[in-house]
Structures are given as C-alpha cells and as structure tokens.
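Everything numeric here is computed off the predicted structure, so don't read it as measured data. All heavy atoms count here, side chains included; hydrogens, waters and symmetry mates do not.
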Protein chains: 2
Amino acid sequence: MVTINDIARLAGVAKSTVSRYLNGGSVSAKTKEKLDRIIAETEYTPNAFAQSLKSKKPSMIGIIIPRLNSYATNEILSSIDEELRNKQYQLLITNTNQDIDREIENINTLSRQKVAGIIILATVITPAHMKAIRSSGIPVIFLGQKAKDSYSIVHDEIEAGRSIGQHAADLGHKKILYVTVFEDDVAVGQLRKKGVLDALSEYKDIEVKVITSDFNYQKAYEQALSYLPKSDATYCICATDNIALAVYKAAVTLGKKVPTDISISGFGGYDITNLVTPSITTVKYHYKEMGRIAVENMIRLIEGEEVLKCITLGNEFQPKESTAKL
Amino acid sequence: MVTINDIARLAGVAKSTVSRYLNGGSVSAKTKEKLDRIIAETEYTPNAFAQSLKSKKPSMIGIIIPRLNSYATNEILSSIDEELRNKQYQLLITNTNQDIDREIENINTLSRQKVAGIIILATVITPAHMKAIRSSGIPVIFLGQKAKDSYSIVHDEIEAGRSIGQHAADLGHKKILYVTVFEDDVAVGQLRKKGVLDALSEYKDIEVKVITSDFNYQKAYEQALSYLPKSDATYCICATDNIALAVYKAAVTLGKKVPTDISISGFGGYDITNLVTPSITTVKYHYKEMGRIAVENMIRLIEGEEVLKCITLGNEFQPKESTAKL
DNA sequence: GTGAAAGCGCTAACAA
DNA sequence: TTGTTAGCGCTTTCAC
C-alpha cells in the first residue's frame with residue numbers, strides 16, 4: 001500500500017506538506033505540480049481510517065433497516081443515499097431482518113464504527129433502544145415511528161386512514177373489513193387504524209370488522225383465504241399495499257371479482273399497485289421526501305444545530321380501479 | 001469519548017493488558033473482573049478505525065450495486081448480508097444509480113475505506129473497471145457478468161434462454177416477439193437472447209422478431225404500447241420479469257387477453273410474477289445462492305486461498321398462467 | 001510555503 | 001500474566 005510517506009519521499013517534501021496540499025492548503029506551484037504527478041503515478045489514495053482517526057470527524061452515516069426487500073425501504077434508502085452522496089458522506093447499511101435484538105446490537109456496532117449519526121427505519125421503539133442510543137452519544141433519527149425522547153420523521157397516519165375511511169363511506173359501502181397488523185407497530189397497527197375508524201364512526205349504518213394480519217405477503221394471503229369466505233364485507237381496507245395485494249390474490253383465487261364483488265385498498269403507494277390489474281387504490285406516502293429531510297436534519301444535528309423533534313409528512317390519496325361504488 | 005487509555009487508567013493496568021483482554025488473550029481473574037466492571041460502567045467500545053489502522057485486517061466488505069429497487073439486487077444483498085454477518089464482517093453498500101462512472105468512482109472510494117474486498121453487481125465491465133480494481137489491490141468478485149481477468153459468478157443465461165425458447169416452441173407458437181435490452185449488458189442483452197434464438201432456430205416454421213427495450217418499467221411499458229399493436233406475435237418473450245410485467249400491462253391496456261391472445265414470459269423468477277394474475281411464466285434464478293457463494297469465495301480470497309475464476313449457476317424453468325398453447 | 005514533531009486509539013512485539 | 005515501547009497513516013500545531 002502506498003502511503004503519504006511514500007508520496008512525501010518521492011516528492012522530496014515533508015508529509016505534512018502533502019497532507020496540506022491534499023486538504024486544500026496552499027503550496028507552491030512547483031510542489032503542486034510534482035505532487036500531482038506522483039499521486040497520479042502511484043494511484044495514491046489516503047487511508048480513510050487514519051484520516052478519521054485523527055480528524056475525529058467521521059464520514060459515515062449508519063442506517064438500520066428492518067428488511068431489504070420492501071418498497072418503502074428501497075425508496076427511503078435511495079433518497080438517503082443520493083442526498084448523502086452530495087454531502088460527501090458514505091452510507092453504512094445494516095439489516096436486522098426484523099429482529100428487534102439485532103436492532104439494538106446494530107446501534108452498538110455502528111457506534112463502534114464511529115459513524116457520525118444513525119438513521120433507523122423503526123417498527124417499534126423500546127427502552128433498550130433509547131438506552132443504546134444514549135450511550136452511543138451520537139445523533140439518531142427515527143423514521144416512520146414517533147420517538148418520545150429522540151428525533152423522528154413520520155407520516156401522517158391518521159390523515160391517511162381518514163381519507164381511505166372516507167373513500168369507503170363515499171362509495172356507499174356498509175360492510176367493511178379492516179385488515180390491520182399487530183399493535184406493537186404504533187404507526188401502522190394503531191394510528192392508521194384509528195384514522196380509518198374515526199372516519200367511519202361518523203356513519204351509524206356502517207359496520208366495520210377488524211382482523212389482524214401480517215406484513216408478510218404469504219401469511220397475509222393464506223389468512224385471507226380463510227377469512228374472506230366467511231365475510232360479507234363489500235370493501236376490504238388493508239393496512240399496507242402488500243396486504244392489499246395478498247387479499248386481492250386471495251379474492252381472485254376464491255373466484256371473487258375486484259372491484260365488482262369486493263373493493264380493496266392499501267396504504268403506501270407502492271409502485272406495484274399500478275402494475276397489477278386492476279390497479280390498487282392507496283394512499284401515497286412521501287418516502288423520498290422522508291429520506292431527504294432525514295439527511296438534512298442529520299447533518300444539522302452532526303453540526304450541532306437545532307432541528308425539530310418531530311416532523312410529520314402529509315400524504316396523497318390515490319383512488320384507482322380496485323375500489324368502486326357499491 | 002472513552003478510550004482504551006481511560007479503561008487502563010481506571011483499572012490501574014497498562015492499555016496493552018486491556019487490549020489483550022479485549023482480544024481474547026489471557027489475564028488474571030482479578031484483572032478480568034475489574035475490566036469487566038469498568039468496561040460495563042463506562043460503556044466503552046473500541047474505536048474500529050484505530051483497530052483497522054493498526055491490525056491491517058479490515059472488517060468490511062464493500063458491495064457496489066446498480067440500483068436499490070430491484071428484486072434481484074435485494075435478494076442478493078440479503079443473502080450476502082446474512083452470510084457476512086455470520087463471519088463477522090460489515091457490509092458497506094454503495095449505489096451507483098446505474099451510472100458507470102460512479103461504479104469506477106465507488107471502487108476507489110471503497111478501496112480508500114480499506115474494505116477487505118469488493119463485490120460488484122455488474123451490468124457492464126470496462127477496461128476502466130479493471131484498471132481501478134488492479135490499482136486497489138484487493139479481491140473483487142463480479143456477480144452476473146463474466147469478467148475476463150477477475151472472479152465472477154454468473155447465471156447460466158444460455159440455458160435459461162433455451163428453456164424459454166423451447167417452451168414457446170412446444171406450445172406451438174409460430175410468431176414470436178423477443179424483447180431484449182441493449183447489448184452492452186452481455187449476460188442479459190446477448191447470452192439470454194442467444195439461448196432463446198438457439199432453441200427456436202431448430203424450427204424452420206417459427207418466425208422471431210427482436211425488439212430492444214429497457215430495464216426501466218415505465219419505458220418498457222410505453223414502448224410496448226407502440227409496438228404491440230403492429231405485431232402479430234402470439235408469444236412475447238421478455239428479457240426480464242420487469243419487462244414482462246410492462247408488456248403484460250400494455251397488452252391489457254390495449255384490450256388483449258393474456259394468455260388467450262398473447263402469451264408472455266420473463267426471466268428472473270421475481271416474487272411479483274406470482275402476485276399478479278395471471279401469474280407469469282419465468283425462469284427462476286438462484287440469487288440467494290449467488291450471494292452465499294460470493295461471500296464464501298470472497299473470504300477465501302481474503303485469506304489468500306484459491307477459488308474458481310468463474311462459477312456458473314443453474315436455474316429453474318417455471319411455467320405459469322401467462323403462457324398457453326396456441 | 002515548508003518541515004519537525006506530537007499524537008489520534010489501538011495492536012503487537014518484546015522484556016520483565 | 002503484565003508493562004514498555006514502537007508504530008499503523010494521517011492531521012495539526014508551531015517554528016522557521
């Protein structure tokens with residue numbers, strides 16, 4: 001490996017001069033020229049470890065994600081990646097495979113790697129999270145769930161729920177099935193549901209039944225195969241687009257027509273809701289925006305500036321082919 | 001920040017003793033006890049930069065991916081991540097957004113970060129790639145494309161192409177449209193096509209027309225809207241599942257029934273081919289396996305052992321609802 | 001503008 | 001078993 005010492009030796013200058021040049025300090029034209037040539041010839045690149053060790057200013061941001069193969073994750077990740085790139089930071093991604101313990105573990109790993117800050121795509125936030133964060137001593141931003149004593153950026157889940165609930169009511173449906181997920185996930189399992197039920201509760205003649213399903217497509221599908229035949233609902237509101245796709249597939253498998261026999265909608269605004277036929281009614285969340293703001297705030301935090309504790313992003317109701325008038 | 005020096009001072013021992021203890025060396029029971037307590041109290045974690053600086057044995061593997069939101073990428077990434085985790089390596093992911101220049105740039109960035117090795121999900125491999133790799137001096141493994149002077153793991157594209165071609169012929173189709181991608185991508189743009197055409201060339205009465213489309217769903221969709229009406233093909237073989245989905249959507253938009261009016265198939269075995277109705281005939285590639293082997297080989301390379309220059313993975317033809325007898 | 005020297009946090013001889 | 005010492009490659013004073 002070629003080091004700054006080699007360059008200095010070859011150029012006949014002190015390594016401090018090389019360092020200064022590399023970091024934009026002033027050197028004589030002659031030195032600059034020599035250095036340019038030698039660095040190019042040797043293909044020298046500074047050792048990032050040594051740099052970070054000395055300067056104390058880490059150049060990496062860590063991100064903890066529950067799983068890779070999710071539309072939301074990908075959208076957020078791409079936008080964070082793009083933004084970070086502009087700011088000369090590297091992204092260190094760690095995957096927890098939906099394992100809460102690994103989430104804590106990863107906070108510690110990342111802090112060992114001396115990342116400048118950590119962004120977490122959260123599902124649940126436990127006291128163990130908060131403890132690990134405090135002891136890491138670096139800024140942490142939660143995405144998707146509100147953290148009491150930390151920074152977070154969330155979607156307006158209640159608003160999203162209300163718009164779908166209102167939509168179902170507007171279409172004249174009286175028997176509605178709401179397919180939710182476990183309540184540990186506050187944003188999806190509680191708030192989203194609250195929004196839907198709030199909107200529907202204003203109609204005395206609407207009957208809502210709630211069923212708890214799973215983020216996992218396969219599980220959601222199998223479950224739907226069993227509860228759909230027993231249900232007389234004409235509209236099935238699913239807590240995620242993924243579940244909506246599963247329910248749709250189950251409905252088709254059971255010989256039901258969508259939306260003629262049953263209307264189906266999701267949440268999220270995944271691209272795939274447009275790919276299928278009929279396209280699926282959903283509420284589009286602003287994932288890219290979320291990533292952008294996360295990076296912006298993270299950098300402000302790293303630089304010791306103030307940012308809002310919690311930012312709530314709006315969303316956009318998108319009626320499509322999978323829902324229709326009763 | 002608490003350092004090894006602080007621990008040593010608090011425990012009244014030399015920092016080398018602390019280091020030895022931390023790295024599994026032997027210390028007296030009394031020292032061990034003291035160290036345990038103090039490390040727990042101070043929540044000390046070693047600085048990974050300093051460790052890597054000294055030991056020269058980096059603990060990160062870099063991976064360069066063309067884009068985040070692809071099923072293949074996600075599958076490979078998850079499996080690499082999982083394997084690496086077992087081996088105590090961290091994954092450093094960099095995204096190029098399908099920009100070749102950024103691919104080269106990222107090879108350099110990663111080498112600056114002193115990763116132990118680099119895995120590249122390649123689309124094309126240029127001399128510039130090889131130059132950057134050589135000058136980095138660390139092991140590089142290409143996934144999906146065969147590299148002349150480096151290591152690679154690829155899918156058997158020709159075999160995959162042949163099985164789809166054979167399938168179309170078996171179903172009795174005489175007019176076939178093959179939708180490919182630009183030839184710069186050797187694996188997808190050349191070999192896959194070659195496999196299909198090879199299989200079909202044995203039938204004198206089969207007529208194949210080739211059209212070049214795009215990996216991008218939206219572009220593929222718009223293109224399909226324009227060429228499908230002019231085509232009398234009864235089977236459309238698409239070079240990727242993504243394109244197949246786009247063509248399917250276009251066919252539906254144009255009022256064609258699948259598979260009655262036109263059969264459609266893809267390549268890849270993406271999950272989504274099962275989600276849509278009709279499900280899409282495809283060839284399943286072994287992405288997880290690819291990731292697993294990549295990690296295995298990478299670690300052998302890092303440890304200076306020998307591995308095969310090129311490994312070719314088989315694949316699995318999966319007929320589904322989107323293709324039918326003429 | 002340049003170089004000498006100190007030190008970032010850690011590991012790895014080597015001696016004790 | 002333990003401490004001393006010498007760096008790893010780099011940045012950063014501080015004289016010159």
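- Among the atoms of the strands shown, only primed sugar atoms or phosphate atoms (P, OP1, OP2) are found under 4.0 Å from some heavy atom of A:S26.
- Closest to the A:L53 side chain, of the nucleotides C:dA4, C:dT11, D:dG9, is D:dG9.
- In terms of heavy-atom proximity, B:S152 sits nearest to B:A147 at OG-N, 3.3 Å.
- Residue contacts for A:S16: at a heavy-atom cut-off of 4.0 Å it reaches a base atom on one of the strands shown.
- For the residue pair B:Q190 and B:D185, no side-chain donor N or O sits within less than 3.5 Å of a side-chain acceptor on the partner.
- For A:K54 and C:dG7, a side-chain-to-base donor-acceptor distance below 3.5 Å is present, hydrogens and geometry of angles not being considered.
- In the set C:dT2, C:dG7, C:dC10, C:dC10 carries the atom at the smallest distance from any side-chain atom of B:A50.
- As judged by a 4.0 angstrom heavy-atom cut-off over every strand, B:Y21 is placed among residues making no nucleic acid contact.
- Within 4.0 Å (heavy atoms only), A:T3 reaches sugar-phosphate atoms of the nucleic acid but no base atom.
- Considering only side-chain atoms of B:N47, the nucleotide from C:dT2, D:dT2, C:dG9 that sits closest is C:dG9.
- Taking every side-chain heavy atom of B:Y44 into account, C:dC10 is the closest of C:dC10, D:dT2, D:dT11.
- Comparing D:dT11, D:dA6, D:dT4 by their nearest atom to the side chain of B:A14 picks out D:dT4.
- If you measure from atom CG of B:L35 to atom P of D:dT1, you get 14 Å, rounded to the nearest angstrom.
- Between A:S28 and C:dG1, a side-chain N or O to OP1/OP2 separation shorter than 4.0 Å is absent.
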What donor-acceptor contacts under 3.5 angstrom involve side-chain atoms of residues 296-303 of chain A, with partners at least two apart or in another chain?
residue: A:E296; atom: OE2; partner: A:R292; partner atom: NH1; Å: 3.1
residue: A:R300; atom: NH2; partner: A:E305; partner atom: OE1; Å: 3.4
residue: A:R300; atom: NH2; partner: A:E306; partner atom: O; Å: 3.4

